[in-house]
Number of protein chains: 2
Amino acid sequence: MGDFMERTELLPILLELFRQQGYAGVSIADVSKATGLGKSSLYHHFPEGKEQMAREVLQHVEVGVRESFVAPLKAVGDPHERLREMTKMVEDFYDGGRKGCILDGLTLGAASEPFRQMVARSVEAWVAAMASVAVEAGLSKKVARERAEDALIAIEGSLVLSRALGDQKAFKRVIKNLPQRLLGETNL
Amino acid sequence: MGDFMERTELLPILLELFRQQGYAGVSIADVSKATGLGKSSLYHHFPEGKEQMAREVLQHVEVGVRESFVAPLKAVGDPHERLREMTKMVEDFYDGGRKGCILDGLTLGAASEPFRQMVARSVEAWVAAMASVAVEAGLSKKVARERAEDALIAIEGSLVLSRALGDQKAFKRVIKNLPQRLLGETNL
DNA sequence: GTCTATACTAGGATAGAC
DNA sequence: GTCTATCCTAGTATAGAC
């Protein structure tokens, strides 16, 4: 079995670790336990250690954002329907608010510098796609962009709050109101 | 000089460490460097180590939330004016978006369990105070509560995004629109 | 209350056998 | 590609002098 296959099994596990524990909170021993691989095997796959793991997780996430969030928004059909499709994927990815955001986990602390550019790319792709749908639905470019940024802010904020309170209702409400927040004409 | 004075000097330093690095990202050596105290002195002040430090930081934050955010909201005067006063304090506390939120830093990872209840108290006090002002300004209880929760979500989310992108404009925009978000009749 | 010194554990990383 | 064994550093925590 080649390297390529291994990575597709490893990266989702690493993603789960980093989003739940943050960069500093994940030890190589944790990774070893979660993957079933010994430390030496891990260094075989990731010679530069934990930082490389995090970098590859972010690359993996960037692909995931494009496939799961951006692609549905760019599909054919009614803007509202495409937005609902994305919303479903978001709800799924964050497990209804039980799982945190990797942007959060990997940008906390001084170790985050190497990751900032990759994070920015994923954020920009997602926000741009949401804004584009809003423009199609009739909003001005300026308003569409602001609402798209607000949508992402609301998602991130509700994930922090849901985690902090151990209660997913903040996330659920944000998800439910997301189409209205992005495309609606009035406050909720 | 008594114990009481020492804590008022130590806790703000600990707060800065935890909000920037998260719980797992802070080592006793970091604390030693930041405070100028040797490790043994730190264990003299906090016999239960890092967890006690974090707990006391959260107690300190709870007081700060009540004094800096809740108190202005409960003062006499125009609701909009009181809200602007709180907004100023929030902007100041987060240093215009350059400093992260302690709720975020202390709830990431498995070590966060002991802190959840304290975090929840601060959150509830702040949200309740914002909702109360919104009710005074004429909103229904239900809408006021939702808007207050949304305001906190927006603050938390914009802090995550500002940190992730290394750019404070998300936070600044949320702060600028906060009164409208809470009390306004339409979308921004 | 703070220091130096020390013990011990956990974490990161590598060498070399299979 | 994975393992065991090992190394070294960093991290937590304590003892005892001042």
Side-chain angles (χ1 to χ4, degrees), chain A residues 1-58 60 102 105-115, chain B residues 1-58 60 105-106 108-115:
Chain A
M1 194 178 283
D3 286 291
F4 190 72
M5 182 57 184
E6 304 296 342
R7 282 243 175 335
T8 64
E9 293 170 22
L10 286 174
L11 291 180
I13 297 174
L14 292 173
L15 169 60
E16 290 310 308
L17 285 172
F18 283 123
R19 75 197 292 193
Q20 281 166 37
Q21 308 288 335
Y23 185 77
V26 174
S27 72
I28 304 299
D30 291 334
V31 177
S32 178
K33 202 182 302 179
T35 60
L37 288 175
K39 290 186 185 186
S40 295
S41 303
L42 291 171
Y43 280 100
H44 172 75
H45 290 288
F46 305 95
E48 291 154 83
K50 197 163 75 163
E51 191 180 309
Q52 184 182 2
M53 295 179 195
R55 268 188 276 117
E56 294 201 20
V57 164
L58 280 179
H60 177 249
I102 190 74
L106 285 186
T107 59
L108 190 56
S112 69
E113 280 306 325
F115 312 136
Chain B
M1 195 178 282
D3 285 289
F4 189 71
M5 181 58 186
E6 305 296 340
R7 280 232 171 354
T8 64
E9 293 168 22
L10 286 174
L11 291 179
I13 297 173
L14 292 173
L15 168 61
E16 289 310 308
L17 285 171
F18 284 123
R19 75 197 292 193
Q20 282 166 36
Q21 308 288 333
Y23 185 77
V26 173
S27 72
I28 305 297
D30 291 333
V31 177
S32 177
K33 203 184 300 180
T35 59
L37 287 176
K39 292 183 186 187
S40 296
S41 302
L42 291 171
Y43 279 100
H44 171 76
H45 289 287
F46 304 95
E48 290 154 81
K50 197 163 76 162
E51 192 181 308
Q52 184 182 2
M53 294 179 196
R55 269 188 276 117
E56 294 202 18
V57 163
L58 280 179
H60 177 249
L106 285 187
L108 191 56
S112 69
E113 280 306 325
F115 313 137

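Keep in mind that the numbers below use all heavy atoms, side chains included, and drop hydrogens, waters and symmetry copies. So that the names make sense, note that chain A is the first sequence line, chain B the second, and so on, each numbered from 1. These figures come from a predicted structure and were not determined experimentally.
- Between B:His44 atom NE2 and C:dT2 atom P the separation is 7 Å, expressed in whole Å.
- With distances taken from any side-chain atom of A:His45 to the nucleotides C:dT2, D:dG1, C:dT14, the minimum falls on D:dG1.
- In this structure, the side chain of A:Tyr23 engages the main chain of A:Glu51 through a donor-acceptor pair within 3.5 Å.
- A straight line from NZ of B:Lys50 to C1' of C:dA10 spans 12 Å, rounded to a whole angstrom.
- Taking OH from B:Tyr43 and CE from B:Met53, the interatomic distance works out to 6.5 Å, rounded to the nearest 0.5 Å.
- In this structure, the side chain of B:Lys50 engages the main chain of B:Val26 through a donor-acceptor pair within 3.5 Å.
- Computed from coordinates, the B:Leu42 CG to D:dG11 P distance equals 14 Å when rounded to whole Å.
- The nearest whole Å value for the distance from the CG atom in A:Leu10 to the P atom in D:dT2 is 8 Å.
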Set out, line by line, the N/O atom pairs under 3.5 Å between protein and nucleotides 8-10 of chain D.
none

With the criterion being N/O to N/O and under 3.5 Å, what pairs connect the protein with nucleotides 15-18 of chain C, and how long is each?
residue, atom, partner, partner atom, Å
C:dA15, N6, A:Ser40, OG, 2.4

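- For the pair A:Tyr43 OH and C:dG12 C1', the interatomic distance rounds to 4 Å; values are reported in whole Å.
- Listed candidates were C:dG12, D:dG1, D:dG11. Nearest to the side chain of B:Ala29 is D:dG11.
- By the salt bridge (charged side-chain N to carboxylate O under 4.0 Å, His left out) test, A:Glu16 pairs with A:Arg19, A:Lys99, sequence neighbours left out.
- Distances from the side chain of A:Lys39 to the nucleotides C:dA13, C:dC3, D:dG1 place C:dA13 closest.
- In the set C:dG12, D:dC3, D:dT12, D:dT12 carries the atom at the smallest distance from any side-chain atom of B:Ile28.
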